Student: 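Just passing along the structure, written as structure tokens.
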Amino acid sequence: MPLFVSNTLSGLKEEFVPLEPGRAGLYTCGPTVYNFIHIGNLRTFLWEDVLRRHLEFSGYAVTHVMNITDVDDKTIRDSAKEGISLRAFTERFTEYFFEDIRTLRVKPAHHYPRATDFIPQMVEIIRKLTERGFTYTSEDGSVYFRIAAFPGYGRLAKLDLEGIKPGARVATDEYEKEDVRDFALWKAEGDGPVAWDTPIGRGRPGWHIECSAMSSHYLGETFDLHTGAVDNIFPHHENEIAQSECASGKPFVKYWLHAEHLIVDGEKMAKSKGNFYTLRDLLEKGHAPLAIRYLLISVPYKKKLNFTFAGLEGAYQAVDRLSNFIARLNGLVESGADGGADILPQIKSFKEGFRAGLDNDLNTAEAIGALFSFIREVNPLLESNSLSALNAGLALQALREADAVLDLFPPAPKLQEEALPLIKEREVMRKAKRWAEADAIRTQLSEMGVILEDTAQGTRWRKKI
RNA sequence: GGCGACGUACCCAAGUGGCUAAGGGAGAGGUCUGCAAAACCUCCAUUCAGCGGUUCGAAUCCGCUCGUCGCCUCCA
């Protein structure tokens, strides 16, 4: 079954057909590294991770590029505030960014280009645009893109250009522009501290030009997929299209995909509202990375995700349930039991349901629904000891395949050295019916992150996720 | 003002014309159990914001009303 995605450009759900069979070029808008990323950023990055993984799962050779925006008003402002170089400042937050996405198991992109490493390529695009008459230079030497010269402008954001007129909400103090709708390709900096000397003068790039330069560098002038959150549609992506298409004379991107925002308790997340969370905030409160990952990918990207702590608790329970299921299957495989029910039909329907969900515009809710339906079907068989090791192994294999996309499997269970003697000691206490001592040890282990479950087949341990 | 998304149980959420409205969490009762945990069984929306309409048939299509959220120059 083919993959369908919602293309912002057409406003329709379209079948994904790559420019080159078997390959997919994916450019995802990355962070501006002036602070820790927040859970809204993560929602988008995690959805992009699911997209990339599902493309790979579907057999495409994916080239994934994510930019690191390391020069803009905020990075310049905050590095100056700290009195350190822009590079030192942005490198620190870039490292934090990598740590955070690693914590949430986001598969690394193949390339993470930094804007400041691509100044010559940006200048080249601006030069081309100038050659073709799409730019003008203001008195101070800044270069602007002339929107009036590009008839396709506003197509992505479905903007009524007549609606954006001087006055209204647009600041009119930028008198050097011919038209307020025009945007800066190059900002002249004179003797400012953050500037590059280039053939088009001393200055720094405008915001949008980096993505045009870096995407075409790695993926070509026309590529398959470009993603971001809905707020990127305008002006960022609209302007990228204008720059790239006017410079190359070719269509820029085939599929534009945009994630809806995460909101908190039904409201827009904002520092001023006190409902603003970074990943680090949640980890400090003791929330498990896997629960966060689950929660943020469980709502399909086209829907706003309402983040609540109750929801995060629920996500933890769900992941725990999956983890427990996997542990039981593993136990059964190790036992080597034979005979019992054949669950091939259940496995088949799980695989099909899971895949159909993801193929349907990355409907993770549908896919995860198929996963838990499968768990509900198999658990009774585990309970009644009517499943063979062979079938348990097949079930695990199917789960692992699905996990190539979700990546929600619990970390490989590894018991601390000091835990095993405690578990054995507790067994002795239990046999002697010295319950108080046995329970004390169980509590102690629980504090170490080891959960014990006494079953008819003996005591089972698993790690807290 | 322009453009757009959305309103399904206590919470999250799938479903986009036709079997008994997925799934997760929470909750209630039961089985198992030294207790706990896990698991299992049962219950938990005659109904999909409201009102009309189209249709043999609608949560799904159309219209209106109410409500929520977002974008409209640098916020993922």
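A, B, ... follow the sequence lines: proteins, then strands. Residue 1 opens every chain. Computed from a predicted model, the values in this text were never measured in an experiment.
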Student: Would you indicate, yes or no, if B:G24 has its OP1 or OP2 atom less than 4.0 angstrom from a side-chain nitrogen or oxygen of A:Arg321?
Tutor: yes

Student: Looking at the side chain of A:Ala229, which of B:G34, B:G15, B:A76 is the nearest nucleotide?
Tutor: B:A76

Student: Mind checking salt bridge (Lys or Arg N to Asp or Glu O under 4.0 Å) for A:Lys285 and listing every partner two or more places apart, or none if nothing turns up?
Tutor: none

Student: In terms of side-chain heavy atoms of A:Asn379, which of B:A76, B:A13, B:A39 is nearest?
Tutor: B:A39

Student: Is the backbone of A:Leu305 close enough, under 3.5 Å, to the side chain of A:Glu260 for a donor and an acceptor to pair up by distance?
Tutor: no

Student: Starting at CG of A:Leu279 and ending at P of B:A76, how long is that distance when rounded to a whole Å?
Tutor: 16 Å

Student: Where the side chain of A:Asn324 is defined as all heavy atoms beyond and including C-beta, which of B:A39, B:G25, B:C41 is the nearest nucleotide?
Tutor: B:A39

Student: B:A38, B:A76, B:G34: which one has an atom nearest the side-chain heavy atoms of A:Trp435?
Tutor: B:G34

Student: Just N and O in the side chain of A:Arg376: are any of them under 4.0 Å from OP1 or OP2 of B:G24?
Tutor: yes

Student: Which nucleotide wins on minimum distance to the side chain of A:Ser373, given the candidates B:A76, B:A22, B:G34?
Tutor: B:A22

Student: Kindly assign one of parallel, tilted or perpendicular to the pair A:Tyr27 and A:Phe223, based on the angle between their ring planes and the thresholds 30° and 60°.
Tutor: tilted

Student: Closest approach to the side chain of A:His38, judged atom by atom: which nucleotide of B:U73, B:A76, B:C35 is it?
Tutor: B:A76

Student: Let me check something: any side-chain donor-acceptor pairs from residues 321-334 of chain A under 3.5 Å, sequence neighbours excluded? List them with distances.
Tutor:
{"unit_1": "A:Asn324", "atom_1": "OD1", "unit_2": "A:Arg462", "atom_2": "NE", "d": "3.1"}
{"unit_1": "A:Arg328", "atom_1": "NH2", "unit_2": "A:Glu383", "atom_2": "OE1", "d": "3.1"}
{"unit_1": "A:Asn330", "atom_1": "ND2", "unit_2": "A:Ile326", "atom_2": "O", "d": "3.4"}

Student: Any strand is fair game: report the nucleotide pairing with B:C44 by Watson-Crick or G-U wobble, both distances under 3.5 Å, or none.
Tutor: none

Student: Does any nucleotide pair with B:C56 by Watson-Crick or G-U wobble geometry, both distances under 3.5 Å, and what is it?
Tutor: B:G18

